[in-house]
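Just so you know, these numbers come straight off a predicted model, no measurement behind them.
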Amino acid sequence: MPTVSMTVNGKQVSGDVESRTLLAQFIRETLDLTGTHIGCDTSQCGACVVHVNGDSVKSCTMLALEADGADVTTIEGLAQDGDDLHPMQEAFRENHGLQCGFCTPGMVMSAIDLVKTNPNPSEHEIREWLEGNICRCTGYHNIVKSIAAGAAAMRGEKAAAE
């Protein structure tokens, strides 16, 4: 079996994988980082989104071998010092941007990538960006509100009250 090596959440990791092992499987089963969720196995739901070399990727459609040598960040790697939440995570908590929470890691990871490319997204831009992320229980209103608040926090601003 081939060996894959990468940096995950700032730590160098490696493991033997079958060539068909998905990045999501490697993260969850080999590294025991279960915050990356697998919701559909068809790249439809976005619950498995992680950052690979700074860009959001659906890890259920990427082979672990494709991430060899990459820098991968999962939802567990967002906290600044291990205790504080990332501003986007905090915004989801403060604005009730989750209900069951299953989609939340993928939503947060996608939202951070959006804000990286568009620091001040409109509601329409947020909703458009989230087309590849499915939430089955919130209706998206508070997710969009959370992302706007998280974007403001990442810019160092306080979110506007509704």
Side-chain angles (χ1 to χ4, degrees), residues 6-11 13 22-24 26-28 31 33 35-82 84-99 101-136 138-162:
M6 62 189 77
T7 303
V8 178
N9 300 331
K11 296 178 184 169
V13 298
L22 298 172
L23 180 58
F26 181 75
I27 290 168
R28 289 181 57 81
L31 303 180
L33 295 172
T36 300
H37 294 159
I38 300 172
C40 66
D41 283 330
T42 60
S43 187
Q44 300 291 318
C45 75
C48 68
V49 172
V50 299
H51 293 171
V52 176
N53 295 327
D55 295 323
S56 59
V57 171
K58 290 182 178 179
S59 62
C60 76
T61 60
M62 182 177 195
L63 295 172
L65 289 173
E66 292 178 288
D68 191 41
D71 183 20
V72 177
T73 304
T74 69
I75 192 76
E76 292 93 344
L78 293 181
Q80 299 299 319
D81 62 15
D84 295 333
L85 294 176
H86 182 279
M88 190 62 73
Q89 290 172 303
E90 181 66 26
F92 268 73
R93 188 182 70 79
E94 287 291 320
N95 292 282
H96 310 288
L98 61 139
Q99 193 163 333
F102 193 82
C103 70
T104 305
M107 291 283 187
V108 168
M109 299 304 284
S110 291
I112 291 168
D113 194 28
L114 166 62
V115 174
K116 179 185 79 174
T117 60
N118 182 355
N120 193 12
S122 68
E123 178 181 340
H124 174 75
E125 290 167 327
I126 292 169
R127 288 182 182 277
E128 193 171 79
W129 188 271
L130 291 178
E131 282 183 357
N133 294 76
I134 295 174
C135 176
R136 291 175 171 89
T138 67
Y140 295 92
H141 176 75
N142 285 347
I143 291 172
V144 173
K145 182 178 168 185
S146 298
I147 293 170
M154 290 171 68
R155 291 189 312 269
E157 303 170 6
K158 185 170 171 87
E162 276 194 25

Under 4.5 Å between any side-chain heavy atoms of [X] and [Y], yes or no?
| X | Y | value |
| --- | --- | --- |
| Phe92 | Ile143 | yes |
| Phe26 | Met62 | no |
| Val52 | Leu23 | yes |
| His86 | Ile75 | no |
| Arg136 | Gln99 | no |

>> For Asn53, is there any backbone N or O sitting under 3.5 Å from a side-chain donor or acceptor partner on Asp71?
In response: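 Absent.
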
> If only atom types and distance count, is the side chain of Arg155 paired as donor or acceptor with the main-chain N or O of Pro119 below 3.5 Å?
Replying inline: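 Yes, Arg155 side chain to Pro119 backbone: donor-acceptor pair under 3.5 Å.
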
[X] versus [Y], closest heavy-atom pair with distance:
| X | Y | answer |
| --- | --- | --- |
| Val50 | Thr73 | CB-O, 3.4 Å |
| Ile126 | Ala148 | CD1-N, 3.8 Å |
| Pro87 | Met154 | CB-CG, 4.0 Å |
| Val49 | Met109 | O-CG, 3.4 Å |
| Ala151 | Val115 | CB-CG2, 3.6 Å |
| Asp113 | Gly54 | OD1-O, 3.7 Å |

>> So, applying side-chain hydrogen bond (donor to acceptor under 3.5 Å, both in side chains) with Arg127, which one of Glu123, Glu125, His124 is it?
In response: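 With Arg127 as partner, side-chain hydrogen bond (donor to acceptor under 3.5 Å, both in side chains) holds for just one option, Glu123.
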
Taking atom [atom1] of [X] and atom [atom2] of [Y], what is their separation to the nearest 0.5 Å?
| X | Y | atom1 | atom2 | result |
| --- | --- | --- | --- | --- |
| Leu33 | Glu76 | CG | CD | 4.5 Å |
| Ser59 | His37 | OG | NE2 | 11.0 Å |
| Gln89 | Ile112 | CD | CD1 | 6.5 Å |
| Arg93 | His96 | CZ | NE2 | 9.0 Å |
| Thr117 | Trp129 | OG1 | CH2 | 4.0 Å |
| Ile38 | Cys45 | CD1 | SG | 9.5 Å |

> For Thr74 and Leu31, what are the C-alpha separation, side-chain angles and deciding distance, and is it a side-chain contact (heavy atoms from CB on, under 4.5 Å)?
Replying inline: CA-CA 11 Å; Thr74 69; Leu31 303 180; over 6 Å; no

